[in-house]
Amino acid sequence: NQSISEIHPCEAVIINQLLEVASDFRHLNEYINRNRYSFETAMYVSALYEGLDVALEPYRQTLVSLEVEILEHGGTPLSLLQHRLIPHRPILRALVHLVRDIEEEQPVGSMILDKVYKASGSGVEGVGRALKQVLSELHKVLYKQLLAWLLQGNLYDPFHEFFIVRDE
């Protein structure tokens, strides 16, 4: 806002960067909490929510440590916030892009897993690791379905998302 004359233009740039990070986190957090604990939520979608939540944990831990520092030392330089929070920016951006792609395309079941797998090949520092955490949660669902089918002969697929279907 140009009406705030006491903020140096460099500080305004830093504040805008921090607001973008916060906005990405808010978008992801709202997406996760929207239907996370609903009984109508499909298994792969629930796993996606859980994986995103796990991937956001380092950012949350950074916020907590910053809060402790701010409360202990009083005034906090803007550069400290930038130094601690901006490294999370590419990770949050990638997760937001993934969520938007999933909301747009509405993939079902293991197609969500495929979408995350393709995104996890990122060479950006931290992004691949975060997406592999999401992928790990999705793999849990896939492995449970495969184990039930292969070892017990049960096809557990209440939401019709498994790529193996019962022959009628």
Side-chain angles (χ1 to χ4, degrees), residues 1-38 41-142:
N1 187 345
Q2 299 297 341
S3 64
I4 303 175
S5 59
E6 293 156 11
I7 295 179
H8 191 274
C10 292
E11 291 173 326
V13 169
I14 293 171
I15 290 170
N16 285 332
Q17 289 175 343
L18 294 172
L19 287 172
E20 286 176 9
V21 171
S23 175
D24 287 346
F25 176 74
R26 181 177 179 208
H27 178 80
L28 291 165
N29 212 34
E30 286 174 354
Y31 177 75
I32 292 168
N33 293 323
R34 192 174 309 137
N35 294 310
R36 183 178 190 177
Y37 298 110
S38 169
T41 303
M43 294 185 304
Y44 284 91
V45 175
S46 292
L48 176 67
Y49 294 153
E50 197 61 39
L52 289 170
D53 197 43
V54 168
L56 290 176
E57 192 56 33
Y59 179 75
R60 286 190 196 102
Q61 289 173 351
T62 302
L63 289 177
V64 169
S65 69
L66 275 171
E67 183 178 10
V68 168
E69 272 187 57
I70 290 169
L71 291 174
E72 287 178 357
H73 299 99
T76 302
L78 200 53
S79 60
L80 175 67
L81 297 175
Q82 180 187 30
H83 175 72
R84 295 275 186 81
L85 296 175
I86 294 302
H88 296 280
R89 188 178 189 187
I91 298 165
L92 295 173
R93 282 274 77 199
L95 293 174
V96 165
H97 285 299
L98 174 69
V99 164
R100 286 194 176 134
D101 286 349
I102 288 173
E103 285 179 323
E104 244 177 53
E105 297 174 22
Q106 298 285 314
V108 179
S110 56
M111 295 306 294
I112 294 173
L113 192 132
D114 187 53
K115 193 111 185 101
V116 176
Y117 176 75
K118 286 178 182 172
S120 70
S122 173
V124 178
E125 183 182 348
V127 172
R129 184 176 49 249
L131 287 169
K132 284 180 179 148
Q133 289 174 317
V134 176
L135 200 56
S136 174
E137 293 299 319
L138 290 162
H139 278 145
K140 289 177 187 177
V141 174
L142 177 65

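All values below were derived from every heavy atom in this structure, side-chain atoms included, with hydrogens, water molecules and symmetry-related copies excluded. Fair warning: this is a prediction, and the values are worked out from it, not measured in the lab. The chain is numbered in sequence order, starting from 1.
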Problem set entry | Pair Ile70-Leu80, side-chain contact (heavy atoms from CB on, under 4.5 Å): steps then yes or no | CA-CA 10 Å; Ile70 290 169; Leu80 175 67; 6.0 Å; no
Problem set entry | Validation row: His27, Arg100 side chains within 4.5 angstrom (heavy atoms) | yes
[X] [atom1] to [Y] [atom2] distance, which is reported to the nearest 0.5 Å:
| X | Y | atom1 | atom2 | value |
| --- | --- | --- | --- | --- |
| Gln61 | Leu56 | CD | CG | 11.5 Å |
| Lys132 | His139 | NZ | NE2 | 11.0 Å |
| Glu69 | Glu72 | CD | CD | 7.5 Å |
| Ile112 | Met43 | CD1 | CE | 11.0 Å |
| Ile86 | Leu18 | CD1 | CG | 5.0 Å |
| Lys115 | Ile102 | NZ | CD1 | 7.5 Å |

At their closest point, which heavy atom of [X] faces which heavy atom of [Y], and how far apart are they?
| X | Y | answer |
| --- | --- | --- |
| Val134 | Leu52 | CG2-N, 3.8 Å |
| Ala119 | Leu131 | O-CD1, 3.1 Å |
| Val124 | Pro90 | CG1-CB, 3.8 Å |
| Pro107 | Met111 | CB-CB, 3.8 Å |
| Ala47 | Val141 | CB-CG2, 3.6 Å |
| Pro58 | Ala55 | CD-O, 3.4 Å |

Exercise. So, Ser120 side chain and Tyr117 main chain: donor-acceptor pair closer than 3.5 Å or not?
Worked result: yes
For this session: Check the pair Tyr44 / Leu142 against side-chain contact (heavy atoms from CB on, under 4.5 Å), numbers first and verdict last.
Result: CA-CA 8 Å; Tyr44 284 91; Leu142 177 65; 3.5 Å; yes
Using a 6.0 Å cut-off, check whether atom [atom1] of [X] has over 12 heavy atoms from anything other than its own residue.
| X | atom1 | value |
| --- | --- | --- |
| Glu67 | CD | no |
| Arg129 | CZ | no |
| Glu125 | CD | no |

Exercise. Between Arg60 and Asp53, does a side-chain contact (heavy atoms from CB on, under 4.5 Å) hold up when you go through it step by step?
Worked result: CA-CA 10 Å; Arg60 286 190 196 102; Asp53 197 43; 2.6 Å; yes
For this session: Apply salt bridge (Lys or Arg N to Asp or Glu O under 4.0 Å) to the pair Arg34 and Glu30, showing each step before the final yes or no.
Result: CA-CA 6 Å; Arg34 192 174 309 137; Glu30 286 174 354; 5.7 Å; no
For this session: Assign the ring pair Phe25 / Tyr59 to parallel, tilted or perpendicular, where the plane angle (0 to 90°) is split at 30° and 60°.
Result: tilted
Exercise. Are Lys140 and Glu137 close enough, and set up right, to give a salt bridge (Lys or Arg N to Asp or Glu O under 4.0 Å), and what steps lead you there?
Worked result: CA-CA 5 Å; Lys140 289 177 187 177; Glu137 293 299 319; 3.0 Å; yes
